[in-house]
Chemist: 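Let me give you the structure first, and then I'll get to my questions.
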Amino acid sequence: MCGIGGISSTVAQSAEFWLRNANILVAGLAHRGPDDEGYLLLSNKSAPIPVGHKIYPSERVNYLPKQHLVESLSLSINGILMHKRLSIIGLGHLGHQPICDPSGRYWLTYNGEIFNYLELQSQFGLTNNSNTDSEILVQLWALKQEKCLSLLDGFFAFCVYDSLENSYTVVRDRTGVKPLFYSKTNEIFAFASEEQPLRFILGQNELNNKAVFAHLKHGMTDVYPWFENIQTLTAGHLIKWFPNSREFKVSQWYYPERNILQNSISLREMLLESMKIRLRSDVRLGFAVSGGIDSAVLVGIARHLLGNDAELDLFSVASNNLPGNESSWQKMVVEKNGGNHHNIWVETFDSQLLPKMISYTNRAPVAWNNLAHFALCERVRQTGVTVLFNGQGADELFGGYPDYFIQTLFSERKQLAKFQKNWPIAYKDALKFFLKRKLRNALSDSQKQKIEKSVWGNKVTANLLEDPLMMLHPKLNGVEEMMLGDYYGSLQGDQFYGKLHQMLAWEDRNGMAFQLESRNPFADDLHIPQKYLVNFKLHELMEGGLPKGILRNAFKDLLPSDLYARTDKKGFSVPETWLTQKHGMAWKDALMYEGLDGFVKRDYRNKLLQHFSALNHKELQHYFRIASLGYFKLELDNERK
């Protein structure tokens, strides 16, 4: 886990330009990698020059810096790669990046984990003097270029510079676990792990109205780019950039529908093997324990593979009998597996947690569960744990969401009807939501706009309200398409915003705010989604009549018996209503910030304040999102002063 960035210019730039922007990149990504820092200076007139604050003049390793950044800058520079390292595997100085293959042709700056790097090393007879996956990745690229991507089991965002043809290839993993932002103007191409350094390079802080509306209306934070001229590289895509010809191309390298796996290997075998290689680490590991099946399975597998003597650190967000309290279920998992249990108590949250999170992550959260996860990550890092396992992706893979039961209300009614009492949503509620969505889709655009008119400001135009991506529930061919869309997002189709992508984006932001790597085996495994996303109907995934029954039964022996039979789990949750009622009035200045006037009418916000004590759950959710955006907009506006 690291921070990466780079800039390429097609016109001559001054040494001051390169120094300024190198400093912007490293300052904007410093929190992602405290352990090492490296640069690669690129020029048509010389071979790439590795430089850094720390130099190794006596080392014969060709990618280690022999000189400092400032003394190496010149007018002949036309590109720079940057890397900030969080050391996880191969902790020594030979893990420095950017790193090159033995020939010196290909240079890599990389963020992520390739968990099967040892297997790939053996398969292709590669050297690994640094004991890192990055050394294996750059050699694989030298051998196979883009064809190596199908072999990578893990998560990644990286750039490879080809010094022979003066080209850049920027790649993002299949599900978008690792972020990658970029900007292309007439003169420069720039990319980075986060938006902020790109904003400062471009001098950009104007918000995209579509992104703001998606945040306010639906609580979707990563459907649209938040800033003009700064794009998100879609998961499963890559960029090819040739500065000499100025050819710039974004293309898809991973196609879910072309990667369907049918084999006789059981889910248990597949997930055990997946976890075996994901437990590789040279730093301390920790496990989130939510009280649900997914995280409990991962903890159980870890105990099974590591043995009874291994020390496990387990982390939970809990409360003292507030709504949504999961502490009794969390305790079952701890008692089953043993380990050091660390609780983050909801009652300790205060009103300053919201502006603090925005300051650390440079993004406005949409709900208290974002804040709770932020607080969890901070506590995890304080204990000395550097890697945290989470269960994201299992609901999308194995049919855990209520939406899937709503979608199959009639298509699989016969097979699912006998298990109605175990559904994650009551049948009558499923029917109500089904009919409500049908009615909503039947409304004309003018009727929808009339409903919204009393809330939104003049920046929320009719065209924005009619945008197809603003539909939370698009028309679909079946639940299989919905599950693929939730798992792969826009990689599966433009109509999908991607539930998993939203959660993975917050996992990265919150974790990296505290130099913490998040591992999500259900979200980044190479083979499991290829088998289980398209080969099973929902009632087949509900094996034994239980939601996600196929997962429960595969690991029944590793689960507490009461948790195995539990059907009322609603996902990672905190008492949102209670928390906003307790702390919301402290945010009133952010709620009423004048910078929001174009997005949300002042009359509507005043009404929320006047009736604050009587607001229902949905209204309090909206209150939170508006206040959150107010704090974020205020930070942006203060940058101009």
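These numbers come from a predicted model, not from an experiment.
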Chemist: Say whether, by atom type as modelled, one donor and one acceptor occur between the side chain of R278 and the main chain of P521 under 3.5 angstrom.
Modeler: no
Chemist: So that I can tick it off, tell me whether E517 and R519 are bridged by a salt bridge, with the cut-off set at under 4.0 angstrom between side-chain N and carboxylate O.
Modeler: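 Salt bridge: yes.
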Chemist: Can you tell me how far apart CG (N21) and CD1 (I7) are? Round to the nearest 0.5 Å.
Modeler: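 Spacing of CG (N21) from CD1 (I7) equals 4.0 Å.
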Chemist: Indicate, with yes or no, if the rings of Y110 and F156 have centres closer together than 6.0 Å.
Modeler: no
Chemist: Nearest 0.5 Å please: distance from the CZ atom of R268 over to the NE2 atom of H304.
Modeler: 5.5 Å
Chemist: Under a plain distance cut-off of 3.5 Å, with no hydrogens placed, do S266 and E269 share a side-chain donor-acceptor pair?
Modeler: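 E269 vs S266: donor-acceptor pair found between side chains.
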Chemist: Within the supplied structure, the quantity of interest is the number of heavy atoms (other residues, nucleotides, ligands) at a distance under 6.0 Å from K276 NZ; does it exceed 12?
Modeler: no
Chemist: Any donor-acceptor pair under 3.5 Å linking the side chain of S274 with the backbone of M270?
Modeler: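 Flag not set: sc S274 to bb M270 has no pair under 3.5 Å.
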Chemist: Sort out for me which residue in L126, D101, N128 forms a side-chain contact (heavy atoms from CB on, under 4.5 Å) with E135.
Modeler: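 Single side-chain contact (heavy atoms from CB on, under 4.5 Å) partner of E135 among L126, D101, N128: N128.
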Chemist: Take L81 and Y168 through the test side chain to side chain contact (heavy atoms under 4.5 Å, CB included) and record every step on the way to the result.
Modeler: CA-CA 10 Å; L81 298 183; Y168 299 74; 4.0 Å; yes
Chemist: Name the orientation class of the two ring planes belonging to F155 and F115 (parallel below 30°, tilted from 30 to 60°, perpendicular beyond 60°).
Modeler: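 Rings of F155 and F115: perpendicular, as their planes differ by over 60°.
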Chemist: Any side-chain heavy atom of V283 within less than 4.5 Å of one from L91?
Modeler: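 They are in contact (side-chain heavy atoms under 4.5 Å apart), so the answer is yes.
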Chemist: Using 4.0 Å as the upper bound for N to carboxylate O, is an ion pair formed by R280 and D133?
Modeler: no
Chemist: Side chains of I4 and F191: does their closest heavy-atom pair fall under 4.5 Å?
Modeler: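 Counting from C-beta outward, I4 and F191 do come under 4.5 Å.
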Chemist: Using the rule given for side chain to side chain contact (heavy atoms under 4.5 Å, CB included), can you reason through L149 versus L238, listing the C-alpha separation, both sets of side-chain angles and the distance that settles it, and then say yes or no?
Modeler: CA-CA 11 Å; L149 297 175; L238 60 81; 4.1 Å; yes
Chemist: Measure across W241 and E247 and return the closest heavy-atom pair with its distance rounded to 0.1 Å.
Modeler: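 The answer is CE3-O, 3.2 Å.
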Chemist: Please check if the side chain of R381 supplies one atom and the backbone of F514 the other of a donor-acceptor pair under 3.5 Å.
Modeler: yes
Chemist: Would you indicate whether Y360, at its atom OH, is surrounded by more than 12 heavy atoms from other residues, nucleotides or ligands within a distance under 6.0 Å?
Modeler: no
Chemist: Between S193 and C2, which heavy-atom pair has the shortest distance, and what is it?
Modeler: OG-O, 4.2 Å
Chemist: When you compare the side chain of V61 with that of N129, does any pair of heavy atoms fall below 4.5 Å?
Modeler: no
Chemist: Between H68 and G52 (side chain of the first, backbone of the second, donor and acceptor by atom type, cut-off under 3.5 Å), is there such a pair?
Modeler: yes
Chemist: Looking only at side chains, do H342 and D313 share a donor and an acceptor under 3.5 Å apart?
Modeler: yes
Chemist: Any donor-acceptor pair under 3.5 Å linking the side chain of R174 with the backbone of L526?
Modeler: no
Chemist: How many angstroms lie between atom CG of D162 and atom CZ of R105, to the nearest 0.5 angstrom?
Modeler: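 Spacing of CG (D162) from CZ (R105) equals 4.0 Å.
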Chemist: Can you see whether H93 engages E59 through a side-chain donor-acceptor pair at a distance of less than 3.5 angstrom?
Modeler: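 The criterion, which ignores hydrogens and geometry beyond distance, is satisfied for E59 and H93.
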Chemist: Specify the closest pair of heavy atoms between N390 and N520, including all atoms of both residues, with the distance to one decimal.
Modeler: CB-OD1, 3.0 Å
Chemist: Can a donor-acceptor pair be found between the side chains of D153 and Y117 at a distance below 3.5 Å?
Modeler: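 No.
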Chemist: To the nearest 0.5 Å, what is the distance between NZ (K84) and CG (L25)?
Modeler: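 So the NZ of K84 and the CG of L25 are separated by 11.5 Å.
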Chemist: Atom OG1 in T361, atom CE in M512: separation rounded to 0.5 Å?
Modeler: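 Here the interatomic distance stands at 13.0 Å.
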Chemist: Could you check if a side-chain atom of T132 sits within less than 4.5 angstrom of a side-chain atom of R85, using non-hydrogen atoms only?
Modeler: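 Heavy-atom side-chain distance check passes, below 4.5 Å.
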Chemist: Report the C-alpha separation of I528 and F522 in whole Å, then their side-chain angles, then the decisive distance to 0.1 Å, and conclude whether the side chain to side chain contact (heavy atoms under 4.5 Å, CB included) test is met.
Modeler: CA-CA 8 Å; I528 292 175; F522 297 114; 5.6 Å; no
Chemist: Output, in order, the C-alpha distance, side-chain angles, deciding distance and verdict of side chain to side chain contact (heavy atoms under 4.5 Å, CB included) for H237 and L491.
Modeler: CA-CA 8 Å; H237 282 64; L491 179 63; 3.7 Å; yes
Chemist: Would you call the rings of W141 and F158 parallel, tilted or perpendicular if under 30° counts as parallel and over 60° as perpendicular?
Modeler: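 Answer is perpendicular, since the angle exceeds 60°.
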Chemist: Donor-acceptor pair, distance only, cut-off 3.5 Å: does the side chain of T383 make one with the backbone of V380?
Modeler: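 Checking the backbone N and O of V380 against the side chain of T383, a donor-acceptor pair under 3.5 Å is found.
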Chemist: Side chain of S295, backbone of S290: donor and acceptor closer than 3.5 Å?
Modeler: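 Yes; judged by distance alone, with no hydrogens or angles, the pair exists.
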Chemist: Determine whether a donor-acceptor pair (N or O, by modelled atom type, separation under 3.5 Å) exists between the side chain of S43 and the backbone of S76.
Modeler: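 Confirmed, S43 side chain pairs with S76 backbone.
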Chemist: Within 45° of the axis and under 6.0 Å from the centre of the six-membered ring of Y182, does NZ or CZ of K184 qualify?
Modeler: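 Not satisfied by the 6.0 Å and 45° rule.
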Chemist: Assess whether atom CG of N186 is packed by more than 12 heavy atoms of other residues, nucleotides or ligands within 6.0 Å.
Modeler: no
Chemist: Would you indicate whether the side-chain heavy atoms of L29 and P197 approach each other to under 4.5 Å?
Modeler: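 Yes; the side chains approach each other to less than 4.5 Å.
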Chemist: Answer whether the closest heavy-atom distance between the side chains of H96 and P65 falls below 4.5 Å.
Modeler: yes
Chemist: Is it true that E195 and R363 have a side-chain N and a carboxylate O under 4.0 angstrom from each other?
Modeler: yes
Chemist: Which atoms form the tightest heavy-atom contact between H341 and S316, and what is the distance?
Modeler: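 Smallest interatomic distance, heavy atoms only, reads NE2-OG, 2.9 Å.
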Chemist: Judged by atom type as modelled, is there a donor-acceptor pair below 3.5 Å linking the side chain of K144 to the main-chain atoms of L151?
Modeler: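 Not confirmed, K144 side chain does not pair with L151 backbone.
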Chemist: Drop me the distance from L108's CG to I136's CD1, to the nearest 0.5 angstrom.
Modeler: 12.0 Å
Chemist: Around atom CD of Q123, are there more than 12 heavy atoms from other residues, nucleotides or ligands closer than 6.0 Å?
Modeler: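 Yes - once you tally the heavy atoms of other residues, nucleotides and ligands closer than 6.0 Å, there are more than 12.
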Chemist: Is there side-chain contact between L233 and Q231, with heavy atoms separated by less than 4.5 Å?
Modeler: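 Contact flag for L233/Q231 side chains = no.
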Chemist: Which pair of non-hydrogen atoms, one from L267 and one from I550, has the smallest distance, and what is that distance?
Modeler: CD2-O, 3.7 Å
Chemist: Do you know the tightest heavy-atom contact between D524 and Y487?
Modeler: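 Looking at all heavy atoms of both residues, the shortest contact is N-OH, 4.3 Å.
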Chemist: Is it true that a side-chain atom of E378 and a backbone atom of F374 form a donor plus acceptor pair closer than 3.5 Å?
Modeler: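 No; judged by distance alone, with no hydrogens or angles, the pair does not exist.
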Chemist: Taking the side chain as every heavy atom from C-beta outward, state whether L137 and L152 have any pair of such atoms under 4.5 Å apart.
Modeler: yes
